[in-house]
Amino acid sequence: MDNDDSIPTLVDETTKVPVTILTGYLGAGKTTLLNYILTENHQRRIAVILNEFAQGSAMEHLLLTATTDEKGGDGRQRYEDWLELRNGCLCCSVKDVGVQAIEQLLEKRRNHFDYILLETTGVADPLPIVNMFWLDDELHSDLILDGLITVIDAYNGLKNYADDRHQEKALWSRQVAIADVILVNKIDLISQEEKSKIIELVRSINVTAQIYETTRSHIDLSLILDRNAYSKNSPPDYLLKNIPDQATTLIPHGNQTLNSVTMEFNGQFDFDKLDHLIIELLWNEQTSEQEIVRMKAVLCCSDESTYKLLQAVGQMYEFISTNEKHCDNLRNCFVLIGSNLNQERLREQFQKCLK
Ligand SMILES: Nc1nc2c(ncn2[C@@H]2O[C@H](COP(=O)(O)OP(=O)(O)OP(=O)(O)O)[C@@H](O)[C@H]2O)c(=O)[nH]1
Ligand SMILES: [Zn+2]
């Protein structure tokens, strides 16, 4: 499709390119959904990014090209580029590296696509990837996170959840917990009774997501694309949801193991104390024992009646005021990503900053 450089483009160079993230446990129907989206008439030029290990990725690539070829008769190319992140896992190749790679692609191929779909590997915590795309204006990114879709396998879902191996259960729950939209897929394989059970379970983990029942991931695209779920000055939904208070270990990457810690607190923070703690954590306590790479929070501070956001990348951090009043809902949510994060100790440190 190189000759279409000459075709005038309707894409405004200044418009940000939406990124929709697809997550879901192994085999839930993510690629099926991608295939479906790519073959539907969506008036979009979509780039697909697979965040999989090399082998799986090559296979999915084949699956997707097969689908486009089949449907290619009308001469319209429905997706224009392909970015494979080989040798690894976007989720643990610390954030901004991934964003930069995608931005570079975007710069080179600006006229070739105007939407990005990112399928994450089914065995990793999707939170770091979502974090990665929740970008500050100051970073002048061309990308904007549009939404997070979690596909769940209705047939195996209850089993995944009941799995005693802690990692599996935690992963499954987190994928459900942070979604904006949840597709309860493979409805064709379950009974009415099982359907009620799985939907009840999903709802108990995520009270705010839109839940749709699907077969072969078929869904009205207007329900999942262009959702603009993360607009400026409102706390991202996933931070206000009930993310289980827990520490998870992400898949090791190189010689480093990143882990993430999510914490919730009720009440109001004393801003000066909190500010002091952040400096302490990011500047004075960065050791091989504990290193915070990324931190985000939605906060209620006693000096303001609206939510504050906290953003930290490396040692740089900032507080951002929002327009959203915290009223009597005094929930505070933190997400920290780094190495050797000690949740207990962190919790104690933050606790001391409450009024
Ligand atoms: N019966 C039935 N099978 C489905 C449905 N959706 C997907 N499948 C099948 O489930 C299998 C896995 O689907 P994929 O789309 O590859 O799942 P995935 O989430 O991309 O899997 P990973 O990338 O390995 O995590 C495939 O064989 C699909 O054809 C459905 O609604 N009903
Ligand atoms: Zn897949």
Side-chain angles (χ1 to χ4, degrees), residues 20-40 46-68 70-71 78-79 82-92 116-130 147-161 163 165 167-176 178-192 194-199 202 209 211-221 223-225 250-251:
T20 292
I21 298 176
L22 292 184
T23 186
Y25 205 69
L26 284 174
K30 300 180 291 295
T31 305
T32 306
L33 177 61
L34 271 179
N35 273 325
Y36 175 70
I37 294 173
L38 291 174
T39 51
E40 276 295 279
I46 299 176
V48 175
I49 298 171
L50 292 184
N51 163 218
E52 298 261 10
F53 294 99
Q55 225 181 354
S57 153
M59 207 190 68
E60 307 233 29
H61 190 171
L62 271 177
L63 285 175
L64 282 162
T65 20
T67 316
T68 350
E70 251 170 54
K71 294 259 187 171
R78 289 203 172 82
Y79 64 99
W82 190 272
L83 176 63
E84 273 181 280
L85 298 163
R86 283 188 174 271
N87 306 320
C89 181
L90 188 59
C91 63
C92 30
I116 291 173
L117 281 172
L118 192 154
E119 176 183 341
T120 67
T121 159
V123 286
D125 186 341
L127 194 55
I129 295 184
V130 177
L148 178 81
I149 304 167
T150 298
V151 183
I152 69 164
D153 181 332
Y155 184 69
N156 293 302
L158 287 166
K159 189 169 105 309
N160 293 148
Y161 185 75
D163 197 320
R165 284 172 296 166
Q167 281 292 85
E168 314 286 295
K169 181 169 175 167
L171 195 58
W172 196 90
S173 310
R174 286 168 73 79
Q175 289 174 344
V176 171
I178 68 171
D180 302 305
V181 177
I182 297 167
L183 305 188
V184 180
N185 193 38
K186 307 196 186 179
I187 284 295
D188 58 321
L189 299 179
I190 58 168
S191 67
Q192 194 65 36
E194 287 167 317
K195 194 168 87 180
S196 315
K197 250 195 217 157
I198 186 90
I199 287 177
V202 167
I211 300 175
Y212 301 107
E213 299 165 20
T214 58
T215 295
R216 305 247 163 233
S217 307
H218 281 208
I219 175 96
D220 180 345
L221 296 187
L223 299 174
I224 57 174
L225 299 182
L250 308 176
I251 295 169

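As the structure lists them, so they are numbered: ligands from 1, and atoms in each ligand from 1.
- Ile149 pairs with exactly one of Ile224, Ile21, Leu223 by the side-chain contact (heavy atoms from CB on, under 4.5 Å) rule, that one being Ile224.
- Counting heavy atoms under 4.0 Å from ligand 1, residue Leu189 touches it through the side chain alone.
- In the vicinity of Asp188, heavy-atom distances shorter than 4.0 Å reach the ligand 1 atoms 1 (N), 2 (C), 30 (C), 31 (O), 32 (N).
- In this structure, the side-chain contact (heavy atoms from CB on, under 4.5 Å) partners of Thr215, at least two apart in sequence or on a different chain, are Ile187, Asp188.
- Looking at Lys186, Glu119, Lys30, it is Lys186 that brings a heavy atom closest to atom 10 (O) of ligand 1.
- Not a single N or O atom of Thr215, backbone or side chain, sits closer than 3.5 Å to an N or O atom of ligand 1.
- Not one N or O of Thr214 is nearer than 3.5 Å to an N or O of ligand 1, by distance alone.
- With hydrogens and angles disregarded, a donor-acceptor distance shorter than 3.5 Å links the side chain of Thr150 to the backbone of Gln175.
- Taking a cut-off of under 4.0 Å to the non-hydrogen atoms of Ala28, the atoms of ligand 1 that pass are 17 (O), 18 (P), 19 (O).
- Proximity of Thr214 to Val151: side-chain heavy atoms (C-beta onward) are nowhere separated by under 4.5 Å.
- Scanning for salt bridge (charged side-chain N to carboxylate O under 4.0 Å, His left out) contacts around Glu213 gives Lys195, with sequence neighbours left out.
- Under a 4.0 angstrom heavy-atom cut-off, Gly24 registers as lying outside contact with ligand 1.
- Looking at Thr32 against ligand 1, both its backbone and its side chain come within 4.0 Å, counting heavy atoms.
- With a 4.5 Å cut-off on side-chain heavy atoms, Leu225 and Leu117 count as touching.
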